[in-house]
Amino acid sequence: MRRNAAWHARIACGDEVGAGFLVTGRRVLTCAHVVRWSDSAAVTVSFPHARELGELSASVVAHGGWAGEVTDPGDVAVLELDRDVPLAPAGFAPPDAAYTEPYPKLIAYGFPEGYDEGTLAEYQAVSGQLIAGEWLELVAWNGHGQPLAGGFSGAAATLPDGTVAGLVTAALEAPDMRKGRMLPLDVLARHWPELGELVPTPGHRGDTRRLLYALLRRAAAGADGACDPNRVYVDAVGPFGPPLPPGGFPTLWAAAGYVQWEVPDPEALNRFTDRLRELLDGVTALRHPEASVPSASPSPSAPAPSAESTEPARSPAAPDTPAWSPVVVEIDHSGAGPDQVTVEVSAYRDGRRRPVGARRLPRTGVRDYVQGRIDEAVAHLAPDADELVTFVLPREWLNEAVAHWECGADDSTPLGCAYPLVVTDRARHHSGRLRHQLRKKWQKLDSRGGVELHRVECGTQERPPSLRKRLWDGDAGLAGFAAPPAAVQRHFEIGLTVPVPVLLWPRSGPGCAVHEDASCRGAGPGDPPCTGTAFLDRLTASVADVPPAELPRHILSLRLTADAADEPDQHWARDLQLLWDDPRCFPETTASLHSPVA
């Protein structure tokens, strides 16, 4: 034990006495159960190797979430002294020190009854295996000497060189066996993430670590909400790094700790730091543009603007690629049988497709698989991206109620009420001809506001070739159908094979409930409009002033309104299906799904 280890502390709170250790000039780590009565009793800290400091008052400023029982996790508390102390804080061993065979001797400095000045106990880990993912089990180094007992809780478990490898939390009584438990450093950091700044981790430079934790404090001071921890993590580990743990990360601190302690690639911490700094600088620029944009001094060779000039300033040209960032669910026949399909989920970022998962499934298993993958795919998107869930479906699936699928087993929100959600036809999605023609069509549409809806009426007698000519000649951007695809099959297929970027239709309904005839030719004098005509009337009014690029967001709003209605099933937009197709959202050539039959 080093002679200068003055950082060992004695903690008192009510009738409880335990140990602790100084980690900064003012903060001390101990067990939460040592200060369990801090709400009603004073917490005092003293340092046996620096008695001249006397007893210092302290308050609990962080807590690991310990619930009160011996076997509850998170038995960690951080105390803040009422003033800084002139003592060197504890130093830390690398995080794997306590896990490495041969297991080293661990020395604890505690304060059992009768030892107010403290005493030492020698232990070692039984194994590198954690108990319940939380504790390392300890056993006495030899058969004699001081056992762990009350008063050792919160003590630093130190290596012979004096560096800290963990925190003692419990003594376990067993016949003829002296045992205990400790929290190793990586578990301690899970409960108090700021510890990560103090612990040297292999492959991570100290200056990078300090910069990262400075950025984390900066984020916590006001910009935390602008930085999604799951997206920053995915940026750091890349598409082939460790996946997000179940449930993702609740905070940036948790994500940073996971990268530091669990991700084997040491460069991941550098990327996490760089991405977080980039996002925080972006937030600062938005809130204080004068701090990041230099003043525009005129060039010596540039003519000064005329006071009489009336020409408006030109705004930057609109980008060729829209802002949507797709999460793509692509479904295709697998070739293994009529009930078997292949499902692939991916996300688009920075012009590239990032695969998330692919599997062959029976049709009945598709929904559950997709529910489990969409959240994961969204985490791959850039933090400021506008997500767009896109189902690329075989033609016979285009009327599937994917917008009504629930987000997950624990979240009954319909997908169409959680994300802008669209469908598209798989054959159309992979057609080179239509991709090219649709790009040209979007270039025209981008310069317009609302676009006319070309209606395919209920019971239409228009010949399909005539509809094709009408859509071509009219330079159609939107086509609306009064009935589901099965009721107007030939006309619907025309819509899929001409470069109309947007198709809309009601998923349900026979085509005409008023006239009880799917081939309705229109209402007679005095008759109310048929359901298909009424649907198109409402749709035409709803989308009249909406730019086509904004339709996914507009339809999301309609779905939310319908879902919130007193009688959702009666709302005209309840089963509205949107086929929305902008090839510029998919700049990389879309790869065909591979059949896993072989």
Practice item. Decide side-chain hydrogen bond (donor to acceptor under 3.5 Å, both in side chains) for Tyr99 and Asp186; before the verdict, give the C-alpha distance in whole Å, the side-chain angles of both, and the deciding distance to 0.1 Å. Key: CA-CA 11 Å; Tyr99 295 99; Asp186 54 334; 2.9 Å; yes

Review point. Got a salt bridge between Arg360 and Glu344, using NZ or NE/NH1/NH2 to carboxylate O under 4.0 Å?
Key: no

Exercise for review: State the CG-CD distance between Leu148 and Glu122, to the nearest 0.5 angstrom.
Suggested key: 11.0 Å

Exercise for review: Would you confirm whether the ring centroid of His49 sits within less than 6.0 angstrom of the ring centroid of Tyr109?
Suggested key: yes

Check your understanding: So, Arg231 side chain and Pro383 main chain: donor-acceptor pair closer than 3.5 Å or not?
Key -> yes

**Study point:** Any donor-acceptor N/O pair, Thr100 side chain to Asp96 backbone, under 3.5 Å
**Key:** yes

Exercise for review: Could you pull out the closest heavy-atom pair between Leu421 and Arg559, with the gap in Å?
Suggested key: O-NH1, 3.0 Å

Exercise for review: Using a 4.5 Å cut-off on heavy atoms from C-beta on, say whether the side chain of Val78 contacts that of Val28.
Suggested key: no

Check your understanding: Could you walk me through whether Val43 and Ile11 pass the side chain to side chain contact (heavy atoms under 4.5 Å, CB included) check?
Key -> CA-CA 7 Å; Val43 179; Ile11 315 294; 4.2 Å; yes

Point to revise | Intermediate values then yes/no, salt bridge (Lys or Arg N to Asp or Glu O under 4.0 Å), Arg367 and Glu406 | key: CA-CA 9 Å; Arg367 182 186 302 199; Glu406 296 179 344; over 6 Å; no

Check your understanding: Judged by atom type as modelled, is there a donor-acceptor pair below 3.5 Å linking the side chain of Asp72 to the main-chain atoms of Glu69?
Key -> yes

Review point. Are the side chain of Arg218 and the backbone N or O of Leu280 linked by a donor-acceptor pair below 3.5 Å?
Key: yes

Practice item. State whether the side chain of Asp75 and the backbone N or O of His33 hold a donor-acceptor pair below 3.5 Å, judged by distance alone. Key: yes

Review point. Using the benzene-type ring in the case of Trp, are the ring centres of Phe249 and Tyr233 under 6.0 Å apart?
Key: yes

Review point. Taking the side chain from Gln124 and the backbone from Tyr103, do they hold a donor-acceptor pair closer than 3.5 Å?
Key: yes

Practice item. Could you tell me whether the side chain of Arg26 and the main chain of Leu81 form a donor-acceptor pair under 3.5 Å? Key: yes

**Study point:** Atom of Tyr369, atom of Ala358 and distance for their closest heavy-atom approach
**Key:** OH-N, 3.1 Å

Review point. Would you call Asp581 and Arg435 a salt bridge, using N to O less than 4.0 angstrom?
Key: yes

Point to revise | Minimum-distance pair of heavy atoms, taken over all atoms of Ala385 and Ser325 | key: CB-OG, 3.4 Å

Check your understanding: Are Leu279 and Arg275 close enough, and set up right, to give a side chain to side chain contact (heavy atoms under 4.5 Å, CB included), and what steps lead you there?
Key -> CA-CA 6 Å; Leu279 291 169; Arg275 182 59 175 148; 3.8 Å; yes

Check your understanding: Does a side-chain heavy-atom distance below 4.5 Å link Pro326 with Tyr348?
Key -> yes

Exercise for review: Answer whether the closest heavy-atom distance between the side chains of Asp265 and Val237 falls below 4.5 Å.
Suggested key: no

Exercise for review: Any chance you could measure Leu198, atom CG, to Leu188, atom CG, to the nearest 0.5 Å?
Suggested key: 11.0 Å

Review point. Partners of Arg363 by salt bridge (charged side-chain N to carboxylate O under 4.0 Å, His left out), sequence neighbours excluded?
Key: Glu400

Check your understanding: Do any N or O atoms from the side chain of Thr158 and from the backbone of Ile107 form a donor-acceptor pair under 3.5 angstrom?
Key -> yes

Review point. Does any N or O in the side chain of Gln260 come within less than 3.5 Å of the main-chain N or O of Gly196, such that one atom is a donor and the other an acceptor?
Key: yes

Review point. Hey, mind stepping through Val232 and Leu252 against side chain to side chain contact (heavy atoms under 4.5 Å, CB included) and telling me if it holds?
Key: CA-CA 8 Å; Val232 180; Leu252 281 168; 4.2 Å; yes

Exercise for review: Using the salt bridge (Lys or Arg N to Asp or Glu O under 4.0 Å) rule, take Arg271 and Asp235 through it: C-alpha gap first, then chi angles, then the decisive distance, then the call.
Suggested key: CA-CA 7 Å; Arg271 292 191 294 268; Asp235 288 346; over 6 Å; no

Review point. Could Arg209 and Glu197 be called an ion pair, given the rule that one side-chain N must be under 4.0 Å from one carboxylate O?
Key: no

Exercise for review: Determine the minimum heavy-atom distance between Leu185 and Trp261, stating which atoms define it.
Suggested key: O-CH2, 4.2 Å

Review point. When the ring planes of Trp580 and Trp324 are compared, do they come out parallel, tilted or perpendicular, using 30° and 60° as the limits?
Key: perpendicular

**Study point:** Atom of Leu393, atom of Trp397 and distance for their closest heavy-atom approach
**Key:** CD1-O, 3.4 Å

Review point. Is any side-chain heavy atom of Val392 closer than 4.5 Å to a side-chain heavy atom of Ile331?
Key: no

Check your understanding: In terms of heavy-atom contacts, does CG of Asp410 have more than 12 from other residues, nucleotides or ligands at under 6.0 Å?
Key -> no

Check your understanding: Do Leu130 and Pro184 come close enough that some side-chain heavy atom pair is under 4.5 Å?
Key -> yes

Review point. Run the side-chain hydrogen bond (donor to acceptor under 3.5 Å, both in side chains) check on Asp332 and Thr342 step by step: do they pass?
Key: CA-CA 5 Å; Asp332 191 23; Thr342 302; over 6 Å; no

**Study point:** From His191 atom NE2 to Leu29 atom CG, the distance as rounded to the nearest 0.5 Å
**Key:** 12.0 Å

Review point. Rounded to the nearest 0.5 Å, how far apart are CD of Glu267 and CG of Asn270?
Key: 4.5 Å

Check your understanding: If you measure from OG on Ser127 to CG on Leu136, what distance do you get to the nearest 0.5 Å?
Key -> 8.0 Å

Check your understanding: Quick one: does Cys31's side chain get under 4.5 Å of Leu167's, heavy atoms only?
Key -> yes

**Study point:** Minimum side-chain heavy-atom gap Trp37-Glu16 below 4.5 Å
**Key:** yes

Point to revise | Non-hydrogen side-chain atoms of Phe391 and Arg426 separated by less than 4.5 Å | key: no

Check your understanding: Mind checking whether His429 and Phe586 have ring centres under 6.0 Å apart?
Key -> yes

Practice item. Test side chain to side chain contact (heavy atoms under 4.5 Å, CB included) on Val329 and Thr390 and set out the steps. Key: CA-CA 6 Å; Val329 180; Thr390 303; over 6 Å; no

Point to revise | Minimum heavy-atom distance between Gly133 and Val187, given as atom pair plus value | key: O-CG2, 4.3 Å

Point to revise | Arg181 side chain vs Ile131 backbone, donor-acceptor pair below 3.5 Å | key: no

Exercise for review: Before giving the answer on ring pair (Phe, Tyr, Trp, His ring centres under 6.0 Å), spell out for Trp253 and Tyr258 the whole-Å C-alpha distance, their side-chain angles and the decisive distance to 0.1 Å.
Suggested key: CA-CA 9 Å; Trp253 292 88; Tyr258 194 88; over 10 Å; no

